[in-house]
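Remarks on the structure that follows.
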Amino acid sequence: MSVALAKLIREELVQQDGVRKHAPTRRAMSLYTAESPSETVFFVDSGFVKIMRRSRDGKEVLISIIAPGQVFGEQCLFGTGQRLYAAEVMQEGVIYEIPRDLFISFCESHADLWRAVCEMLTGRERELENKISLLCLHDVESRILNYLSSLAAVFSVSSTNGEYSLPLSQSELASLIGATRETTSTTLNTLARRGLIRLGRRLLVVSSADNLKAAMNERAAKAGQGA
């Protein structure tokens, strides 16, 4: 969603009656669960949210990460029913919960917002297609390099020396890339020894986004030669 449209939501839509403000949120706070009623749309003003599913044995599959200025729970706009996934706070911030009818009414009076919603849905479909491709065609290291490279841009938390801090635990990364916690940890330690990342508690620091992309492209080239 564009900066201008996110600004419109912040300045107009979330100020209307009926909108519920969740603030301050805390890490691991549940916003909704799978199979709960799908009746509201959420807007992330600050912080990060993860969209996920949990199996009966408690295993987590992380579907996507929602950054500030984005909406989620948009399935309700195309008919009420049950949520397909769960939403949980990943990093503390401010989140607004908007009733379905209010969001639709606002979109009808701001045509550009419908266009932004369509672009968002197209982008998320593309992300899922890329996720399937990574799971089926690439090894764990390639998946990690690809996701860390894209997440550096999503989180956009950069220090003066060009580093990017990702508030992502190793378990969360494992659930995102579809690998075991053990394999993910081993691979991350290998990347850390190469100087591409640094590991912290619930934190991954990308030393250089450019170096990460170079490593990703080099590995892709080698895979192509092997094919």
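Throughout, numbering of the chain's residues begins at 1 and tracks the sequence.
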Can you tell me how far apart CG (Leu204) and CG (Leu151) are? Round to the nearest 0.5 Å.
9.0 Å
Looking only at non-hydrogen atoms, find the nearest pair between Ser165 and Val205 and report the distance.
OG-CG2, 4.1 Å
How long is the gap from CD on Glu163 to OG on Ser208, to the nearest 0.5 Å?
9.0 Å
Taken in chain and number order and not counting sequence neighbours, the residues that satisfy side-chain hydrogen bond (donor to acceptor under 3.5 Å, both in side chains) with Lys7 are Glu11
Arg100 bridged to Glu39 by N-O distance under 4.0 Å
no
Side chain of Ser46, backbone of Val94: donor and acceptor closer than 3.5 Å?
yes
With no hydrogens and no angle check, is any side-chain donor or acceptor of Thr33 less than 3.5 Å from a backbone partner on Ala86?
no
Minimal heavy-atom distance between Gly47 and Val44, with the atoms involved, is O-CG1, 3.4 Å
Output the distance between atom CZ (Phe43) and atom CD (Gln70), rounded to the nearest 0.5 Å.
9.5 Å
For Pro68 and Asp45, the nearest pair of non-hydrogen atoms, with its separation, is CB-O, 3.8 Å
For Lys213 and Ser149 the tightest heavy-atom approach is CG-OG, 3.2 Å
Which value, rounded to the nearest 0.5 Å, describes the distance between Ile197 atom CD1 and Asn211 atom CG?
13.0 Å
Residues Arg181, Thr184; criterion side chain to side chain donor-acceptor pair (under 3.5 Å); working and verdict
CA-CA 5 Å; Arg181 170 68 168 76; Thr184 301; over 6 Å; no
Stepwise side-chain contact (heavy atoms from CB on, under 4.5 Å) check, Cys76 with Thr40
CA-CA 7 Å; Cys76 75; Thr40 54; 5.7 Å; no
Side chains of residues 103-112: which donor-acceptor partners sit under 3.5 Å, not counting sequence neighbours?
{"unit_1": "Ser109", "atom_1": "OG", "unit_2": "Phe106", "atom_2": "O", "d": "2.9"}
{"unit_1": "His110", "atom_1": "ND1", "unit_2": "Phe106", "atom_2": "O", "d": "2.9"}
{"unit_1": "Asp112", "atom_1": "OD1", "unit_2": "Arg115", "atom_2": "NH1", "d": "2.6"}

To the closest 0.5 Å, what do you measure between OG1 (Thr25) and CZ (Phe48)?
11.5 Å
Does Leu148 belong to the same Ile/Leu/Val/Met/Phe/Trp/Tyr cluster as Leu176, with side-chain heavy atoms less than 4.5 Å apart forming each link?
yes
Using the side-chain contact (heavy atoms from CB on, under 4.5 Å) criterion, which residues pair with Thr187? Sequence neighbours excluded.
Val140, Glu141, Ile144, Thr183
Of Arg53, Glu172, Lys131, Glu88, which is the lone residue that meets side-chain contact (heavy atoms from CB on, under 4.5 Å) with Leu62?
Glu172
Starting from the C-alpha separation in whole Å, work towards a yes-or-no answer on side-chain contact (heavy atoms from CB on, under 4.5 Å) for Leu31 and Val49.
CA-CA 9 Å; Leu31 296 168; Val49 172; 4.0 Å; yes
Can you name the side-chain contact (heavy atoms from CB on, under 4.5 Å) partners of Arg126, sequence neighbours left out?
Thr122
Can you give me the closest heavy-atom contact between Arg27 and Pro167, atom names plus distance?
NH1-O, 3.9 Å
Exam field: side chain Glu35 to backbone Arg83, donor-acceptor pair closer than 3.5 Å
no
Within the supplied structure, the quantity of interest is the number of heavy atoms (other residues, nucleotides, ligands) at a distance under 6.0 Å from Arg20 CZ; does it exceed 12?
no
Would you please test Val206 and Leu166 for side-chain contact (heavy atoms from CB on, under 4.5 Å) and show each step?
CA-CA 8 Å; Val206 175; Leu166 312 180; 4.0 Å; yes
Would Met29 end up clustered with Met90 when hydrophobic side chains under 4.5 Å apart are linked, directly or stepwise?
no
Please tell me whether Ile65 and Leu188 are part of a single hydrophobic cluster in this structure, the criterion being side-chain heavy atoms less than 4.5 Å apart.
yes
Among residues at least two apart in sequence or on other chains, which ones pass ring-ring contact (aromatic ring centres under 6.0 Å, His included) with Tyr96?
none
Check for a donor-acceptor pair, side chain of Arg143 on one end and backbone N or O of His138 on the other, with a separation under 3.5 Å.
yes
To the nearest 0.5 Å, what is the distance between CG (Leu203) and CD (Gln170)?
10.5 Å
Taking side-chain contact (heavy atoms from CB on, under 4.5 Å) as the test, write out the residues that go with Glu74, two or more places apart.
Phe72, Leu77, Met120, Leu121, Arg124
Quick one: are Tyr147 and Leu134 in side-chain contact, heavy atoms under 4.5 Å?
yes
Salt-bridge criterion met for Asp139 and Arg219 (N-O under 4.0 Å)
yes
Flag yes if Leu102 and Ile95 sit in one hydrophobic cluster, no otherwise; membership is Ile, Leu, Val, Met, Phe, Trp, Tyr, and two members link when side-chain heavy atoms are under 4.5 Å apart.
no
Test side-chain contact (heavy atoms from CB on, under 4.5 Å) on Met216 and Asn146; report intermediate values, then the result.
CA-CA 6 Å; Met216 181 178 67; Asn146 187 288; 3.9 Å; yes
Residues Glu12 and Gln16: closest non-hydrogen pair is O-CG, 3.5 Å
Are Leu128 and Leu173 connected into the same hydrophobic cluster when the rule is that any two of I, L, V, M, F, W, Y join if their side-chain heavy atoms are below 4.5 Å apart?
no
